[in-house]
Amino acid sequence: MRTKVAALLVSLTALWAFAAWVTVREGVNLIWATTIDSEVAQPSEPLLLELQRERRLSVTRAADPARVLRKELQDQRARTDAAVGTFKESATSDKVHLAADDALRRHLSDTLRRLDGLRETRSAIDAGRLDRTRTEDAYSDVMDSFDAMYGAVATLDDATLAKDGRTLSAMSRARELLAREDAMIAGIFAEGRFTEQDHRQFTQMVGIARFELDRAAADLPPDDRAALDRWRKSPSVTTLRSLEDQLSLSRQVGRPPMVAETQWRGAADAAMTQLQKVVIDAGDALVERAVPIAVAVFARLLLAGVLGLVAVIASIVLSVTTARALVRQLEKLREAALELANERLPGVVARLAQGEKVDVKAEAPPLDFGPDVIGQVGAAFNTVQETAIRTAVEEAQLRQSIRDILLSLARRTQSLVHRQLTLLDVMERRESDPAELKDLFRIDHLATRMRRNAENLIVLSGASPARAWRRSVPMVDVVRGALAEVEDYTRVTVMPMGETALIGRAVGDLIHLLAELIENAVSFSPPYTMVQVGGQVVASGYAIEIEDRGLGMSAEDLEATNQRIADPPEFNLSSTARLGLYVVSRLAERHGIRVSLKASPYGGTTAVVLLPRDLVIEGGEALPEEETGSGLPRREPGSRRIALVGAPDAAPEPAQEVVPVPRAPEPPRPVQSAPPPGGADPDGSASSAGFTPSGLPFRVPQANLAPALAEESTNGDEAEDQEDRSPDDIRKIMGSFQSGTRRGRSEAAKLLSDEEDNL
């Protein structure tokens, strides 16, 4: 606003300056024209008369030195020099230099240079080096420089006055031509003969002089034209015209002129004197006519300069005061908008996120900006801020409703998963077929993953999962609990975790967090690779590293993912592309856990989970007898605890239900060697089944068969191995092995694709 008002004021000032300059220029032009007239034109008039007299005497002396006395010529030269000195002093003043333009300065310099050349001309005449014609030409050149100077004199912008000035210049030029005629005739009289060249030149000058006078008479004002007409009809001019006609029409080549010298002298002197008076009177009349124009110019200068300046100042004052009032209103509106955007609206959103109730009317008080256009904008802003706060309240209510829906769905899903796991436990206890039992175990793992997905919904809703422990749990059991929720757990290798335990309040969330990261590592690595999980105590707590051997991530993706985990955004319905990472970030934020991804030296990705020191118990603290290594109360082998959704964290122990599940005995912590063939003890029991490198038990088919059946199957296998196989049998066995390998890779690729879609 200030910029626009300033631009308007600058344009107004520039317009006034232009109008004032146009008027001032006329006044300045008038002053300059007056200066040139008083300092150049007027001093040049007597100088021209003296030069014309000196020219006539010099031409006469050049033709016949005896006819002009030297003293008479010296006296005339002295008068000419005096006029030249006066002219130079006036024409070279600072006022003339300031008033003259470039053209006038150039012509004035040429005139002064030619005046300085009169000394050489006079010396040549006195020495007899110049004849009559060359003497006349030398003085005429000086006269021509004055005529060129008059043409470059500054004039007024008024067209009529400029035209009258040019007319006076033409009349002065006609008088100069008469003076040239007089000088030529004086030389002819002195020389005593009238040559053909003299006749031709004289005739041309007479014609040019009469033409200039006739053209000037047509352009003169009525009073000046009447004066010129009276001059034409005067006896001296009539006589002079008659003598000019006689000389122009005569053919006395080489003889003296047929007119008398006294007759010509009397008529020529009188005619030139009268013509000079007509020119001077016309110039005085021109000055009188210029006075009203000068008064009008100065009046316009007063109006445009003074009154225009007053108007500009008043406009500036009015514009500044109006602009200030508008700017104050706009600043008030801007401050209200910034306060709404930076303080009130974020504060309302933060309070809504904390579950507080917000009064829209109290948070969006109407602001009064007046009844003008800005006031109408302010009224619109009041509506906007009320709508914005109301929308924020409605959006917060909608998000809370979505969280409630997610929590309700999670509770229902976990209830169904609980019933499903219970049914699976019953079916596993009843089933004796190894193939069917293997499928039931796979369904058992899928149900466990479904339970974790239901807990994801609880995390998204902002609530806490029900699984919780009151006592600390060894870190290796926490990792094993996470592996129990991963379908392809056999591809995970658990490295030694050390004698470190995790406090009970973080066990459930860390199991969930590690399960998400381990499943992500297993899903995005080839099926023939292993995922390593290891942990160790560090200076700031306990670090767990999950390293896969997949294709890895680019540096940009790693940076974006780490930023998303470190600063999780507010969950909305559009942030479903990386739902697992969002759950990990929320679980980590709850306990102050730092999760970061980095490039693995093997080409994959390594996830580093850094537990703070307040969550870790070092030194392998002994656990009570009623708890197992997994952090759960001791229970009979083959049973499972299922946590129900909705149990509060502050309860002494979450509500749990014990469901019997046929499972292998708990393995010892050290990694066991591979199981013996058949997966049974020497006595035929399945209590000492083999374990994976991570410490999880192998599920060995037919491990619980009756001893007789197991012995028969073993004997049959040994007998079959002892038989010699034909080449066709070997080909069939290898073909079956290859087809099974291809089918397994195809299923693994399909499972990997499904996991990527889920993530």
Side-chain angles (χ1 to χ4, degrees), residues 48-77 80 118 121-144 147 173-213 235-276:
L48 286 175
L49 293 177
E50 298 300 333
L51 284 174
Q52 289 172 357
R53 294 190 183 101
E54 182 179 347
R55 178 178 57 186
R56 186 180 61 185
L57 293 176
S58 298
V59 170
T60 303
R61 183 175 176 79
D64 186 5
R67 294 179 65 96
V68 178
L69 298 177
R70 183 174 182 80
K71 184 178 182 304
E72 182 181 3
L73 183 58
Q74 293 295 336
D75 293 340
Q76 180 59 45
R77 288 176 178 176
T80 303
L118 285 177
T121 302
R122 291 170 179 174
S123 299
I125 293 173
D126 294 341
R129 294 194 301 270
L130 296 180
D131 57 3
R132 174 177 60 84
T133 304
R134 294 172 62 187
T135 301
E136 182 181 352
D137 292 340
Y139 280 94
S140 297
D141 289 340
V142 178
M143 301 298 182
D144 290 337
D147 186 66
R173 177 67 177 169
R175 187 187 179 284
E176 166 63 16
L177 291 175
L178 288 178
R180 288 188 183 184
E181 291 180 24
D182 180 53
M184 178 183 293
I185 295 300
I188 292 173
F189 281 127
E191 191 175 6
R193 60 191 183 91
F194 197 19
T195 65
E196 183 67 26
Q197 182 179 358
D198 294 336
H199 181 269
R200 183 171 57 256
Q201 186 176 0
F202 177 80
T203 303
Q204 291 176 354
M205 283 190 292
V206 169
I208 295 174
R210 293 181 181 182
F211 173 77
E212 291 289 345
L213 286 176
S236 59
V237 175
T238 304
T239 302
L240 181 61
R241 290 283 180 91
S242 176
L243 295 176
E244 288 175 346
D245 293 338
Q246 292 180 14
L247 291 174
S248 299
L249 298 175
S250 66
R251 293 296 183 210
Q252 297 178 355
V253 178
R255 297 179 183 181
M258 59 180 303
V259 298
E261 182 178 0
T262 56
Q263 187 180 11
W264 171 267
R265 175 65 51 217
D269 290 342
M272 286 190 294
T273 302
Q274 294 174 2
L275 181 59
Q276 181 70 17

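Rounding to the nearest 0.5 Å places CD of Q276 at 8.5 Å from OG1 of T273. R122 CZ to T80 OG1: the interatomic distance, rounded to the nearest 0.5 Å, is 5.5 Å. In this structure, OG1 in T133 is found 6.0 Å from CD in Q197, a value given to the nearest 0.5 Å. Between the OG1 atom in T135 and the CD1 atom in I125 there is a gap of 4.0 Å [rounded to 0.5 Å]. Between atom OG of residue S248 and atom CZ of residue R241 there is a gap of 11.5 Å, rounded to the nearest 0.5 Å. Atom-to-atom distance recorded for E244:CD and I185:CD1 is 9.0 Å, nearest 0.5 angstrom.
Of all heavy-atom pairs between G187 and V59, the closest is CA-CG1, 3.7 Å. When all heavy atoms are compared, the tightest approach of T121 to A138 is CG2-CB, 3.8 Å. When all heavy atoms are compared, the tightest approach of A267 to S236 is CB-O, 3.8 Å. Looking at every heavy atom in both residues, A209 comes nearest to A174 through O-CB, 3.9 Å. Here the closest non-hydrogen pair linking E181 and V206 is OE2-CA, 3.2 Å. D198 and M184 get closest at one heavy-atom pair: O-SD, 3.8 Å.
In this structure the side chain of L118 reaches within 4.5 angstrom of the side chain of L51, judged on heavy atoms. Using a 4.5 Å cut-off on side-chain heavy atoms (C-beta onward), R134 and R129 make no contact. Proximity of R175 to L49: side-chain heavy atoms (C-beta onward) are separated by under 4.5 Å at one or more points. With contacts defined as side-chain heavy-atom distances shorter than 4.5 Å, the pair F189/D64 does not qualify. Here the side chains of L240 and M272 are not in contact, with every heavy-atom distance at 4.5 Å or above. Residues L247 and H199 are not in side-chain contact: their nearest non-hydrogen atoms beyond the backbone lie 4.5 Å or more apart.
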Notebook entry, point to check: Does the pair R173 and E176 meet the rule for a salt bridge (Lys or Arg N to Asp or Glu O under 4.0 Å), with working shown?
Noted result: CA-CA 5 Å; R173 177 67 177 169; E176 166 63 16; 5.7 Å; no
Next item on the list: Using the salt bridge (Lys or Arg N to Asp or Glu O under 4.0 Å) rule, take D75 and K71 through it: C-alpha gap first, then chi angles, then the decisive distance, then the call.
Entry: CA-CA 6 Å; D75 293 340; K71 184 178 182 304; 3.1 Å; yes
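Of the residues R56, E54, Q52, the one that meets the side-chain hydrogen bond (donor to acceptor under 3.5 Å, both in side chains) test with Y139 is E54.
Listed by chain and number, the residues in a salt bridge (charged side-chain N to carboxylate O under 4.0 Å, His left out) with E191 are R132, R193 (sequence neighbours excluded).
Remark: side-chain polar atoms of R180 are paired, donor with acceptor, to backbone N or O of S140 under 3.5 angstrom. Counting only distance, with no hydrogens or angles, the side chain of S242 and the backbone of T238 share no donor-acceptor pair below 3.5 Å. Between the side chain of E136 and the backbone N or O of R55, no donor-acceptor pair lies under 3.5 Å.
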